[in-house]
Amino acid sequence: MTHTMYGSPASLFTGKARAYLDWKRVDYREIAPNMQIRDEVIMPAIGRMIIPVIETEDGAMLQDTSLMIDHFEAANGGPSVYPGTPRQNFAARLLECYGDEWLVLPAMHYRWNYNEDWILEEFGRNMMPGAPRDQQIAAGTMVGKQFRGFVPMLGINEATIPGIEASYEALLADLDTHFSQHPFLLGSRPSIGDYGLIGPLYAHLYRDPASGEIMKRLAPHVAGWVESMVSPKTPLSGEFLADDEVPETLLPVLSRMMREHVPFLSATATLLTDWLDQNPDADLPRGVGLAPFEIEGVRGEGIARTFSLWMLQRALDYLDTLNSDERASCEALLRAVGGDALIGFSMPVRLAYENHTLTAGST
Ligand SMILES: N[C@@H](CCC(=O)N[C@@H](CS)C(=O)NCC(=O)O)C(=O)O
């Protein structure tokens with residue numbers, strides 16, 4: 001028996017998990033879910049339709065890519081994608097959060113506003129390989145409707161698109177400079193931060209054809225990094241940079257996160273505080289209203305996602321494991337990139353993700 005990953009070639013988070021599994025040399029097979037797998041495997045195990053899901057060789061069902069990565073880090077041992085030094089480890093966790101939770105904006109924008117016809121057909125091809133093209137398009141269109149619906153909810157619209165594109169192109173330029181000097185974010189070994197970025201930067205922003213053309217034209221080193229992430233030539237190898245160095249070339253990327261994403265996360269935390277006051281006994285919803293954001297001078301608002309706070313909490317929890325010198329060096333990094341808001345950031349509530357559900361504990 002081997003592990004089974006239910007996932008799809010076009011899925012952002014499947015791309016993240018697959019890149020990691022291949023680097024970690026995990027023995028697995030990948031199956032694209034059809035209706036039967038949805039109804040008989042994923043829904044009963046997870047309680048909702050979501051991918052990727054991994055069924056381990058002993059029958060446990062894993063959902064959420066961060067938990068999958070943590071599972072195999074613990075179960076398989078060997079070289080880790082978590083750097084062993086404080087600044088690198090913290091920076092990598094922050095960038096995982098940024099990739100997973102904020103770069104969905106450019107990912108969804110470019111997919112749905114530049115690749116719509118292609119992706120609808122691609123969804124159909126993945127769901128019904130071998131079926132006639134018109135049936136594939138019809139099936140893909142049905143599934144695609146749900147994802148297309150996320151676009152306005154995220155705050156992607158005529159007014160915000162210029163800011164989203166300006167931000168993405170500037171991010172590509174910064175990453176292009178970085179990857180012209182380093183194979184991965186923190187040296188010659190991919191870190192948890194690389195896996196956060198590869199989700200949006202692979203399926204939507206590299207593999208979707210019109211997006212891929214943009215990335216290859218504007219940022220060939222980023223495209224090269226994507227290729228080495230998704231087809232690792234030397235799994236389980238490489239080193240993080242010496243002396244806990246977070247390279248200068250990553251600082252603009254972290255600054256962008258602090259400028260765009262962190263205020264949105266703070267606003268989400270405020271909305272969650274209010275929501276908890278008003279709904280002390282209710283189950284935590286996926287969204288707690290609309291939070292404002294600003295991206296390259298353009299203002300918008302998007303659904304305030306509780307899950308994003310759980311991802312931030314994972315990074316901030318790491319600080320609590322450090323001694324005071326180590327913590328001070330992480331805080332100095334935060335100050336250097338305009339991340340003062342994360343120093344002493346107060347979560348409205350302790351969040352837990354258990355049995356595939358996000359729950360609120362005590363404050
Ligand atoms: N945090 C989750 C996110 C997974 C996720 O959003 N998957 C998408 C496909 S890439 C999905 O199935 N979305 C359905 C939904 O959110 O309703 C993870 O890391 O696994």
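Each ligand, and each atom within it, is numbered from 1 in the order the structure gives.
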Consider only side-chain N and O atoms of [X] and [Y], and report whether a donor and an acceptor are under 3.5 Å apart.
X	Y	result
T2	E57	no
Y202	E227	no
T4	R29	yes

Subject >> Side chain R305, main chain I303, donor-acceptor under 3.5 Å >> reply: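 Indeed, once roles are kept as given, a pair shorter than 3.5 Å links the two residues.
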
For [atom], closest protein heavy-atom neighbour:
atom	answer
atom 19 (O) of ligand 1	T65 OG1, 2.5 Å
atom 8 (C) of ligand 1	I51 O, 3.6 Å
atom 13 (N) of ligand 1	F147 CE2, 3.8 Å
atom 10 (S) of ligand 1	S11 OG, 3.2 Å
atom 20 (O) of ligand 1	Q63 NE2, 2.9 Å
atom 14 (C) of ligand 1	M49 O, 3.8 Å
atom 5 (C) of ligand 1	F13 CD1, 3.4 Å
atom 1 (N) of ligand 1	D64 OD1, 2.8 Å

Original post:
Is ligand 1 under 4.0 Å from a heavy atom in the side chain of Q146, in the backbone, in both, or in neither?
Top reply: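 Under 4.0 Å from ligand 1, Q146 contributes side-chain atoms alone.
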
Original post:
Using a heavy-atom cut-off of under 4.0 Å, does the side chain or the backbone of H204 touch ligand 1, or both, or neither?
Top reply: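 Neither part.
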
Subject >> Candidates D174, L185, V337 - the one meeting side-chain contact (heavy atoms from CB on, under 4.5 Å) with V253 >> reply: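 It is D174; the other options fail the test.
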
Original post:
Does atom CG of D117 have more than 12 heavy-atom neighbours from other groups under 6.0 Å away?
Top reply: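 It does not: D117 CG has 12 such atoms or fewer within range.
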
Original post:
Would you say ligand 1 has an N or O under 3.5 Å from any N or O of R286?
Top reply: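 Yes.
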
